[in-house]
Amino acid sequence: MKEYVINEGALETRIALLDQRRLVELTIERLEERSIVGNVYKGRVDSIVPGIQAAFVDIGTDKNGFLYVADIAAVEGTGDFDLEEAEGAPRSRSRKARRPNIEDILKRDQNIMVQVQKDMLGTKGVRLTNFVTLPGRDIVLMPTVSQIGVSRKIDDEQERSRLKTILRAQRKSRNFGLIVRTAGAGKSKEDIAADVKYLTRLWDKIKAKMEDKGSGYLLYEELGPILKTVRDSFTGDIERLTIDSELEYQRIVEFLDNFAPHLKEHCKVYDSKRPIFDKFGVEEEIAKALKRTVQLKSGGHICIDQTEALVAIDVNTGKFTGKKRLEDTVFRTNMDAAEEIARQVRLRDMGGIIVIDFIDMEIAHNRRKLIAHLTDCLRDDRAKTTVSEVSELGMIEMTRKRVKHNLVRALSQPCPYCEGSGMVRSVTTMTFDTLRMLQKLFCKSKEKRIILQVHPDVARRLRTENKELLDDIERQFDREIIVESVSDFHIHDTVVLSARTRKEVATHDD
């Protein structure tokens, strides 16, 4: 069973995808770090750097965006479009040697329409493209190219042929690219035509704004994280969507009224005082995802080390010794590890080169079965992955294109205690964790007045920026919370005392 569990808070939105009650994907968007991927802007070329064949474009944000020459639609035949779950996207039809220089295409202070491909990462500005894509529920419109395609996940050849025939008919009046998304499988030509009509009208509005508005203007804003998930990923194979916000629940229902009315019955609103992620076991899974070592159900474990250049994953038998000979023990551990590795790379959104050091196996047939099993486990990952054969050193190399921010880096900051050699939870994450811990505590404890002892940085957040959230919890549970700052506390330390006895109150289940 697959289901979405959504926690909508005042300062952050968290969207968890569970498969058989296990966390496989997690999206976190904070108010202070809102994603602008998908937004379309009227940009102004601020500078051109011939040496890297790129331009820096002012889109009205704090830092200029980066536009590479291959991402400019004016360059005929260039632009390798990475469109999630789809095929038939623009492909390069000309050799790099024939590609015009960027200084021959763009000039300084020239206006250009651009769409954000990637958010800011560290000191780098956003990655931009001039190949605009407008996603609908069933169709993706690509107004700057002319290819058509069908989602890879629609594997029935007869259905693929039927959908391509419909797409060709839709392109007779206007020259644009179209891709059928997974949700478009089985849809009638009338349904697809309605989606195309909506998207072409949207494109006409964007073009009109491009003519009328000044540079730095937001021409089109992508949906927020919740509705974007509903549009892109909430399909018939998702059995349930549960959200803890009545307002956002109503927005989801209204959205589905227009695009997929049959899915409304799969949506539920969660109204218990117990935090939704605690109820569904997501908090525990997130805590595990921040650890270096992950236990396997067979008794073995994997160790994950992330560097700037690559990710190294080591497989160990641990406590598992098996009941038969060594080869059987190793094979079973490796097969369990393949399943867990596929889940972890997807959950943590690990990208780039991933090197997996499985335990050596002597039998070639077992090695082939392991590679096939790992490849099969990666099928549900929306990110593009490739898996190599076992190398001469006995390792498997794979590559994965990152979809969003790496989970560990999104929830952590460089550790002030070890000068950046390790990671700890950020002040923001600890503040939100503390607030959720209080909600959970008050559901089982009768203490009316408590003393909350935390790290000074967390205490400051609870007394200033997030005081309103703390006050809400006090009103909701009719309790009093006294925040004490403890200077020698680690950032992770949190202690709850009874104000009456100053004895520690248990904050975890026995």
Side-chain angles (χ1 to χ4, degrees), residues 1-4 17 19-20 24-25 79-93 131 133-200 203 228-241 255-256 258-266 342 346 371-387 401 403:
M1 180 180 115
K2 293 182 181 179
E3 61 180 320
Y4 275 109
L17 176 61
D19 189 352
Q20 305 299 327
V24 293
E25 279 187 17
D80 189 5
F81 223 90
D82 177 49
L83 193 65
E84 144 264 359
E85 73 169 11
E87 70 177 22
R91 302 289 181 187
S92 176
R93 295 188 299 271
F131 290 101
T133 59
L134 300 176
R137 172 71 182 176
D138 303 322
I139 297 293
V140 175
L141 175 71
M142 303 183 295
T144 59
V145 297
S146 58
Q147 285 93 335
I148 63 170
V150 178
S151 166
R152 294 191 197 100
K153 293 185 179 180
I154 302 175
D155 52 12
D156 182 87
E157 287 302 323
Q158 190 173 351
E159 175 64 3
R160 293 175 67 85
S161 178
R162 184 187 73 88
L163 291 170
K164 287 181 181 180
T165 300
I166 294 173
L167 294 186
R168 291 188 190 99
Q170 289 297 317
R171 290 181 59 246
K172 285 183 178 178
S173 57
R174 298 175 66 169
N175 188 33
F176 44 63
L178 293 170
I179 289 179
V180 180
R181 312 190 75 175
T182 304
K187 292 297 179 70
S188 67
K189 61 181 180 181
E190 290 78 16
D191 291 334
I192 292 175
D195 215 14
V196 172
K197 184 177 181 180
Y198 164 75
L199 293 173
T200 51
W203 173 239
K228 185 178 179 182
T229 297
V230 171
R231 181 195 67 196
D232 295 349
S233 307
F234 188 38
T235 54
D237 64 334
I238 306 294
E239 294 194 22
R240 185 170 60 190
L241 182 150
F255 182 85
L256 290 174
N258 295 320
F259 294 99
H262 64 286
L263 292 176
K264 289 193 295 181
E265 62 184 32
H266 295 263
R346 184 179 173 192
I371 294 172
H373 186 55
L374 176 61
T375 303
D376 189 58
C377 291
L378 290 165
R379 288 191 193 284
D380 287 336
D381 194 341
R382 286 183 292 165
K384 183 179 179 181
T385 59
T386 60
V387 180
K401 194 168 183 69
V403 177

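Note that the structure is predicted; figures quoted are calculated from it, not measured.
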Please tell me if the side chains of V180 and I139 come closer than 4.5 Å, counting only heavy atoms from C-beta onward.
yes
Has the side chain of E159 got a donor or acceptor atom that lies under 3.5 Å from a matching backbone atom of G186?
yes
Smallest heavy-atom separation, T182 atom then S151 atom, equals OG1-OG, 3.0 Å
Distance, nearest 0.5 Å, that separates CG of L163 from CD1 of I192:
5.0 Å
Taking the side chain as C-beta and beyond, is there a heavy-atom pair between R171 and S146 under 4.5 Å?
yes
With the side chain counted from C-beta on, respond yes when F255 and R231 share a heavy-atom pair under 4.5 Å apart, and no when they do not.
yes
Within a strict 4.5 Å, meaning less than it, do heavy atoms of the L178 and L141 side chains meet?
yes
In a check of side chain to side chain contact (heavy atoms under 4.5 Å, CB included) between V24 and each of D381, D380, D19, which one passes?
D19
Separation between CG of L134 and CE of M142, rounded to the nearest 0.5 Å:
11.0 Å
To the nearest 0.5 Å, what is the distance between CG on L241 and NZ on K2?
14.5 Å
L167 to G149 - nearest heavy-atom pair and separation
CD1-O, 3.5 Å
Partner set under side-chain contact (heavy atoms from CB on, under 4.5 Å) for T375, not counting sequence neighbours
I371, V387
Please determine whether the number of non-hydrogen atoms from other residues, nucleotides or ligands lying under 6.0 Å from atom CZ of F259 exceeds 12.
yes
Residues in salt bridge (Lys or Arg N to Asp or Glu O under 4.0 Å) with K264, at least two apart?
D257
For R168, the salt bridge (Lys or Arg N to Asp or Glu O under 4.0 Å) test, sequence neighbours excluded, returns none
Do Q170 and K197 make a side-chain contact, defined as non-hydrogen atoms from C-beta onward lying under 4.5 Å apart?
no
Evaluate the side-chain proximity of S233 to R382: yes if any heavy-atom separation is below 4.5 Å, no if none is.
yes
Using the side-chain contact (heavy atoms from CB on, under 4.5 Å) criterion, which residues pair with S188? Sequence neighbours excluded.
E190, D191
Taking every non-hydrogen atom, the tightest pair across T235 and A183
CG2-CB, 4.1 Å
Can you check whether L263 reaches V230 side chain to side chain, under 4.5 Å on heavy atoms?
no
Partner residues of D376 under the salt bridge (Lys or Arg N to Asp or Glu O under 4.0 Å) criterion, sequence neighbours left out
R379
Which residues pass the side-chain contact (heavy atoms from CB on, under 4.5 Å) test with R240, not counting sequence neighbours?
M1, E3, R21, T242, K268, F280
Over all heavy atoms of both residues, which pair between F176 and V196 is shortest? Give the atoms and the distance, please.
CZ-CG1, 4.1 Å
Would a distance-only check, ignoring hydrogens and angles, find a side-chain to backbone donor-acceptor pair under 3.5 Å from D195 to G136?
no
Over all heavy atoms of both residues, which pair between A185 and I154 is shortest? Give the atoms and the distance, please.
CB-CD1, 3.8 Å
Can you confirm whether I238 sits close enough to H266 that some side-chain heavy atom of one is under 4.5 Å from a side-chain heavy atom of the other?
no
Distance, nearest 0.5 Å, that separates SG of C377 from CZ of R346:
11.0 Å
